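Since the model is a prediction, treat every value here as computed from it, not as a measurement.
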Amino acid sequence: MTAYVLAGLDGSVESTTAAGWAADQAVRRRLALRLVHVETWLDDAHAGASMPVDVRTLTTRMLARTQDALRTTHPGLEVRADLLGGGPVVDVLVDAAADPEAELLVLGSRGVGGFEGLVVGSVGLGVTARCPIPTALVRAHEAGRRPDPDGAPVVLGVDTHAPSAEVVEYAFREAARRGAVLRAVHGWTPPPVWGYAGWVAPQVETEEFRLIEGELLSDALAGWREKFPEVAVVECSRLATGAQALVDQSSDAGVVVVGRRLRHLPLGPRLGPVGHAVLHHAHAPVLVVPHD
């Protein structure tokens with residue numbers, strides 16, 4: 001199989017929606033699509049023993065049904081479906097994403113058995129925190145509404161104090177691929193001294209902070225504007241936390257792009273607080289790009 005987009009299926013509405021979104025991305029990127037399901041002890045609990053061996057399992061039928069549906073809705077797209085096993089779901093998915101031909105991993109934002117308020121389940125968080133390639137989490141929306149409408153902007157979260165070239169370039173390429181506007185978002189708050197002193201920053205100082213933070217955002221994007229002249233860029237620097245600024249700007253977005261710093265230690269959190277909050281609360285698919 002040539003280079004492909006990888007999509008995980010677990011039978012939930014969220015994962016089916018994510019598979020459709022993954023098919024759209026494969027077409028945009030001119031890649032193939034690989035659907036995978038990681039077998040667990042819950043699989044095939046009600047399979048009929050009288051069915052032919054090659055079609056009798058519920059899991060196999062679920063994969064085949066999704067594969068056929070995506071071939072119908074995306075004519076010409078190469079779609080492959082595989083059952084994976086051999087360990088915990090997170091480990092198996094991360095290992096699958098390590099295939100040199102896999103360019104993007106797509107998962108549903110919540111699988112079966114999720115809790116209200118926890119939009120992203122443990123599998124989604126675990127995979128996103130460790131995946132070696134960009135990972136997208138897609139939420140199921142109400143019937144008839146696409147999670148990624150045509151022409152919707154690409155929203156990019158920018159850390160102006162340590163902007164990642166990998167993340168910024170990925171977002172620009174995504175916008176260019178879609179022919180969409182890139183909305184670069186940076187949230188900032190006054191220096192901690194204001195909070196420690198119990199004061200509210202005067203209007204003059206607040207405006208100075210606003211100008212400084214806006215300049216930092218422009219500087220972080222300057223070279224990329226020249227590299228991608230076809231991409232229209234809207235800068236959004238606002239007084240808010242980074243997570244809140246991104247969530248607010250995600251309401252009409254096609255996708256939200258955030259970064260995740262790679263960690264080389266065996267222990268410790270691998271998803272920062274902004275990425276964690278955006279994954280749970282964004283109104284659009286969230287694409288997490290690992291970077292050094």
Side-chain angles (χ1 to χ4, degrees), residues 3-38 62-63 65-82 93 96-97 102-112 114 119-121 123-125 127-128 131 133-156 170-171 173-180 182-183 246-247 250-258 275 278-289:
Y4 59 85
V5 173
L6 180 66
L9 280 174
D10 63 8
S12 67
V13 173
E14 287 80 6
S15 73
T16 301
T17 300
W21 190 86
D24 292 342
Q25 308 319 302
V27 171
R28 284 188 176 122
R29 291 166 167 76
R30 299 182 180 179
L31 301 176
L33 175 64
R34 184 188 181 197
L35 306 173
V36 297
H37 172 78
V38 181
M62 180 268 292
L63 277 171
R65 184 169 58 249
T66 305
Q67 181 183 35
D68 291 343
L70 293 176
R71 283 173 172 168
T72 299
T73 57
H74 298 74
L77 176 63
E78 179 186 353
V79 185
R80 168 181 159 190
D82 296 308
L93 287 173
E103 296 194 5
L104 171 67
L105 172 61
V106 182
L107 301 173
S109 64
R110 180 169 60 188
V112 293
V119 176
V120 183
V123 170
L125 287 176
V127 173
T128 304
C131 191
I133 62 174
T135 306
L137 274 78
V138 182
R139 186 181 308 180
H141 290 270
E142 60 268 21
R145 180 185 173 192
R146 294 184 60 190
D148 186 356
D150 293 333
V154 172
V155 171
L156 164 66
Y170 200 98
R173 291 192 182 282
E174 189 68 23
R177 188 181 293 122
R178 295 161 175 257
L182 176 65
R183 187 183 297 161
L246 284 168
V247 170
S250 71
S251 60
D252 64 342
V255 66
V256 178
V257 179
V258 296
V278 171
L279 284 174
H280 278 296
H281 300 294
H283 305 289
V286 179
L287 209 160
V288 181
V289 180

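- From Arg30, atom CZ reaches atom CZ of Arg177 across 11.0 Å, with rounding to the nearest 0.5 Å.
- For Ile133 against Glu103, the heavy-atom pair with the smallest separation is CD1-C, 3.9 Å.
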Quiz item: Taking it one step at a time, do Leu125 and Val123 satisfy side chain to side chain contact (heavy atoms under 4.5 Å, CB included)?
Solution: CA-CA 5 Å; Leu125 287 176; Val123 170; over 6 Å; no
Exercise. Apply side chain to side chain contact (heavy atoms under 4.5 Å, CB included) to Val5 and Val106, showing your working.
Key: CA-CA 8 Å; Val5 173; Val106 182; 3.9 Å; yes
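- For Arg178, the side chain to side chain donor-acceptor pair (under 3.5 Å) partners at least two apart in sequence or on another chain are Gln25, Asp148, Glu174.
- Here the side chain of Glu78 pairs no donor or acceptor atom with the backbone of Leu33 at under 3.5 angstrom.
- From Thr72, atom OG1 reaches atom CD of Gln67 across 10.5 Å, with rounding to the nearest 0.5 Å.
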Quiz item: Would Asp82 and His37 satisfy side-chain hydrogen bond (donor to acceptor under 3.5 Å, both in side chains), going step by step from the backbone distance to the final call?
Solution: CA-CA 7 Å; Asp82 296 308; His37 172 78; over 6 Å; no
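- The structure places CG of Leu107 at 6.0 Å from CG of Leu93, a figure rounded to the nearest 0.5 Å.
- Looking at every heavy atom in both residues, Ala32 comes nearest to Ala26 through O-CB, 3.7 Å.
- In this structure, Thr135 and Leu287 have side chains that are not in contact, with every pair of non-hydrogen atoms separated by 4.5 Å or more.
- For the atom pair CZ of Arg139 and NE2 of His283, the computed distance is 7.5 Å after rounding to the nearest 0.5 Å.
- Under the 3.5 Å distance criterion, the side-chain polar atoms of Ser12 are matched with a main-chain donor or acceptor of Ser15.
- Annotation: side chain of Val258 is not in contact with side chain of Val289 (no heavy-atom distance under 4.5 Å).
- Heavy-atom minimum distance, Trp21 versus Pro285: NE1-CG, 3.6 Å.
- Between Thr73 atom OG1 and Asp68 atom CG the span is 10.5 Å, to the nearest 0.5 Å.
- The side chain to side chain donor-acceptor pair (under 3.5 Å) test applied to Asp252 returns Arg183, not counting sequence neighbours.
- Using a 4.5 Å heavy-atom cutoff, the side chains of Val155 and Ser250 are not in contact.
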Quiz item: Going through the checks in order, is the side chain to side chain contact (heavy atoms under 4.5 Å, CB included) test met by His74 and Asp24?
Solution: CA-CA 8 Å; His74 298 74; Asp24 292 342; 2.7 Å; yes
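- Of the possible polar contacts, one joining the Thr128 side chain to the Gly124 backbone as a donor-acceptor pair under 3.5 Å is found.
- Partners of Ala19 according to the side-chain contact (heavy atoms from CB on, under 4.5 Å) rule, which considers only residues two or more places apart in sequence or in another chain, are Leu9, Leu35, Thr66, Leu70.
- Of all the heavy atoms in Ala180 and Pro153, the pair that sits closest is CB-CA, 4.4 Å.
- Of all heavy-atom pairs spanning Ala171 and Leu156, the tightest one is CB-CD1, 3.7 Å.
- Here the closest heavy-atom approach between residue Ala22 and residue Ala7 is recorded as CB-CB, 3.8 Å.
- A distance of 9.0 Å separates CG of Leu31 from CG of Leu104, quoted to the nearest 0.5 Å.
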